[in-house]
Each structure stands twice: as structure tokens, then as C-alpha cells.
Amino acid sequence: MKKVEDLPPVQKRQLLINREMVARRREMTFEECVGRDMTPAQKEVFLVIDEWWKRWGFGPSIRDICEIRKKGGMGNTYDIINRLVKLGVVKKVKGRVRSVRPVYINFRELE
């Protein structure tokens, strides 16, 4: 019987990805995002995020969204944002403040 110490070391394997062969994922346009089946509260939050990006060039905080909507529940707004992420109309980076943005906004296109 072989001992673990006698086994050869695992060879490192390099994963090569041919980027030209991988189809790029197409993001939705504004019209496609608004056309998705959303509740009135979800549509309101989406439009707040969209207008904030158009005006300031970065994402709103949850508190900013609550103040604009004149709602006090930040937990409910957080849940609505997560549902919008699942619908695929906004993106956000977990653990980053003000990272929520509509999917059609690309950082390379910002001035």
C-alpha cells in the first residue's frame, strides 16, 4: 500500500480559453429593460437608478433611493434591488457601495 508522501505531486494544468470562439453576451437596451415584467415598485427603483446614473455618472446608495421614493424602509429597497438583479436589468458588486447600475451602461463608454 502506498503512503500519501510517496505519491507524485499534482501537475499544475493551465486552462486556455479561446476568447474569439466565445460568443459575447449581449446586454439589454433601456427599452428592453423597461419592457420586462416588473412590479410598479421595481420599475420605480429601476428608473431612479437609471436617472441617477444619467445625472451623476455613478450609482445611488440605498438611502438615496429611499429618499427619492419617499420611503423609509431601506431593507425593502435592498430586496427590490436584488430582485432587479435577478431579472437581469441591473448589475451590482456585492459588498461595494454605490455599485448598482443598469445593465446597458458600460464603463468603457462613460466619458
For Val90 and Phe46 the tightest heavy-atom approach is CG1-CD1, 3.8 Å

Do Val85 and Lys91 touch side chain to side chain, with heavy atoms closer than 4.5 Å?
no

Looking at side-chain heavy atoms only, is the closest gap between Cys33 and Val103 below 4.5 Å?
yes

What's the separation between atom CD1 in Ile105 and atom CD1 in Ile49, rounded to the nearest 0.5 Å?
10.0 Å

Tell me the closest heavy-atom pair linking Pro60 and Trp52, and the distance in Å.
N-CD1, 3.4 Å

With no hydrogens and no angle check, is any side-chain donor or acceptor of Glu67 less than 3.5 Å from a backbone partner on Asp64?
no

Taking salt bridge (charged side-chain N to carboxylate O under 4.0 Å, His left out) as the cut-off, I'd like each qualifying pair that reaches into residues 71-89, sequence neighbours left out, listed once.
none

In short, salt bridge (charged side-chain N to carboxylate O under 4.0 Å, His left out) pairs touching residues 29-48 with sequence neighbours left out are Arg26-Glu32, Glu44-Arg69

Does Tyr78 have more than 12 heavy atoms from other residues, nucleotides or ligands lying within 6.0 Å of its OH?
no

Closest heavy-atom pair, Gly73 versus Cys66, reported as atoms and distance to 0.1 Å, is O-SG, 3.8 Å

Do Leu87 and Gln42 have side-chain heavy atoms sitting under 4.5 Å apart?
yes

Does Lys54 have any side-chain contact (heavy atoms from CB on, under 4.5 Å) partners at least two apart in sequence or in another chain, and if so, which?
Asp50, Glu51, Tyr104

To the nearest 0.5 Å, tell me how far Ser99 OG sits from Lys92 NZ.
7.0 Å

Does any non-hydrogen side-chain atom of Val93 lie less than 4.5 Å from one of Val100?
no

Nearest 0.5 Å please: distance from the CG atom of Asn76 over to the CD1 atom of Ile81.
10.0 Å

